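The structure appears below as structure tokens.
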Amino acid sequence: MKFTTCLVTLATAWGTAAHPYLGEGEWKAPGANDCRPCPMMNTLANHGHIPRDGRNITRPNIVAGLAAGLNFNEALASLMFDMAIIANPEPNATYFTLDHLNQHNVLEHDASLSRTDYYFGSNHIFNRTIYEKSKAYWTEDMITAKMLANSKLARQIESRAFNPTYRFTADTENFSLGEIAAPIIAFGDMSLGEVNRTLVDYFFVNERLPAELGWHKKEAAIGIEDILKVSDIIKAATSLITGSEQSNSAKIRDLHAGMS
Ligand code: HEM
Ligand code: MG
């Protein structure tokens, strides 16, 4: 057995011993207080791929849960745990809870696609009105990187215009690009940078993996380089600058102006 395989197996075994739900897969509706800001953490908890109660989430839990739910490789899942652990305010913490994720301006930030800003109310409960505003930018059956970028930009403009406490640092931007890339990574085509809108909508609304719509996790394990590649596609798509080439309608207008 290869060393890396051993590590993953070991991690899974630890996690399973501590949390009998791990790897279970069956979706169960969340409890009344199980509303958190990450739709995917909620989803994995609803499937029992990470502890359903959202408590005591360790590195082995994240490694096993992201492998079971999405086929993330160990290096990627472990890196995500390292990024997430600051959510637990205890020094040298070895676990976080999903409730830790609700703290504003730690990992949770303004201008989310499906939650309102902390200034306006709950920063962690799914907000239908906000979500519909974001979804309005997903204008075709296949959501492109540009459409996802448009929804991100629109949410930022709205927050910056109306939320006097709007905050969005360079770190937030990096985190946010990863989140906006996430639907493509989990459910879409990472080379084309697009994803089926029905799958994404099902996921956001139900906090459930869209297996009953025919989706299945990727056969090849997803790694850090995949996330970086898709995040870069999204980043490029957030530029509002176009090429110097005139649009057809502008050409026609100029032509008419020249004739009059
Ligand atoms: C948002 C944490 C993994 C998809 C968030 C937010 C947090 C978070 C705190 C809220 C940010 C905001 O204010 O919008 C985590 C942690 C993870 C993790 C701790 C693992 C250790 C994932 C994965 C995916 C994902 C694997 C999907 C592949 C998303 C999406 C959002 C989000 C789409 C944006 C929600 C919105 O804008 O409404 N995550 N996340 N997350 N996360 Fe995660
Ligand atoms: Mg937020």
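Keep in mind the model is a prediction, meaning the values are calculated, not measured. All ligand and atom numbering here is 1-based and tracks the order in the structure.
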Residue pair Asp201 / Thr198, side-chain donor-acceptor N/O under 3.5 Å: no

Short N/O/S contact of [X] with the Mg ion (ligand 2) (below 2.8 Å):
{"X": "His109", "answer": "yes"}
{"X": "Asp117", "answer": "no"}
{"X": "Tyr118", "answer": "no"}

Between [Y] and [X], is there a salt bridge with N-O shorter than 4.0 Å?
{"X": "Lys133", "Y": "Glu158", "value": "yes"}
{"X": "Arg59", "Y": "Asp82", "value": "yes"}
{"X": "Glu26", "Y": "Arg52", "value": "no"}
{"X": "Arg155", "Y": "Asp117", "value": "yes"}

Atoms of ligand 1, numbered as shown, that sit under 4.0 Å from any heavy atom of Pro37: 1 (C), 10 (C)

Non-hydrogen side-chain atoms of Ile57 and Phe96 separated by less than 4.5 Å: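 They are in side-chain contact.
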
Mutual orientation of the aromatic rings belonging to Tyr131 and Phe126 [parallel < 30°, tilted 30-60°, perpendicular > 60°]: tilted

Parallel, tilted or perpendicular: rings of His100 and Tyr95 (30°, 60°): tilted

Reference residue Glu173; test side-chain hydrogen bond (donor to acceptor under 3.5 Å, both in side chains); the match among Lys235, His109, Lys152: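 The side-chain hydrogen bond (donor to acceptor under 3.5 Å, both in side chains) with Glu173 is passed solely by Lys152 among Lys235, His109, Lys152.
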
Starting from [atom], find the nearest protein heavy-atom neighbour and note its residue, name and distance.
{"atom": "atom 38 (O) of ligand 1", "answer": "Ser114 OG, 2.5 Å"}
{"atom": "atom 25 (C) of ligand 1", "answer": "Met40 CB, 3.4 Å"}
{"atom": "atom 28 (C) of ligand 1", "answer": "Ala182 CB, 3.6 Å"}
{"atom": "atom 11 (C) of ligand 1", "answer": "Glu179 OE2, 3.3 Å"}
{"atom": "atom 3 (C) of ligand 1", "answer": "Met80 CE, 3.5 Å"}
{"atom": "atom 43 (Fe) of ligand 1", "answer": "Cys38 SG, 2.3 Å"}
{"atom": "atom 9 (C) of ligand 1", "answer": "Leu107 CB, 3.6 Å"}
{"atom": "atom 36 (C) of ligand 1", "answer": "Leu113 N, 3.4 Å"}

Backbone, side chain, both or neither: what part of [X] comes under 4.0 angstrom of ligand 1, heavy atoms only?
{"X": "Phe72", "answer": "side chain"}
{"X": "Met41", "answer": "side chain"}
{"X": "Leu66", "answer": "side chain"}

Co-membership, hydrophobic cluster, residues Val200 and Leu153, 4.5 Å side-chain: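 No; Leu153 is not reachable from Val200 via cluster members.
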
Connected via hydrophobic side-chain network under 4.5 Å: Leu98 and Met83: yes

Closest to atom 35 (C) of ligand 1 among Ser112, Ser176, Gly69, Pro39 (heavy-atom distance): Pro39

Glu108 atom (N/O/S) at minimal separation from the Mg ion (ligand 2):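 Nearest to the Mg ion (ligand 2) within Glu108's N, O and S set: OE2.
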
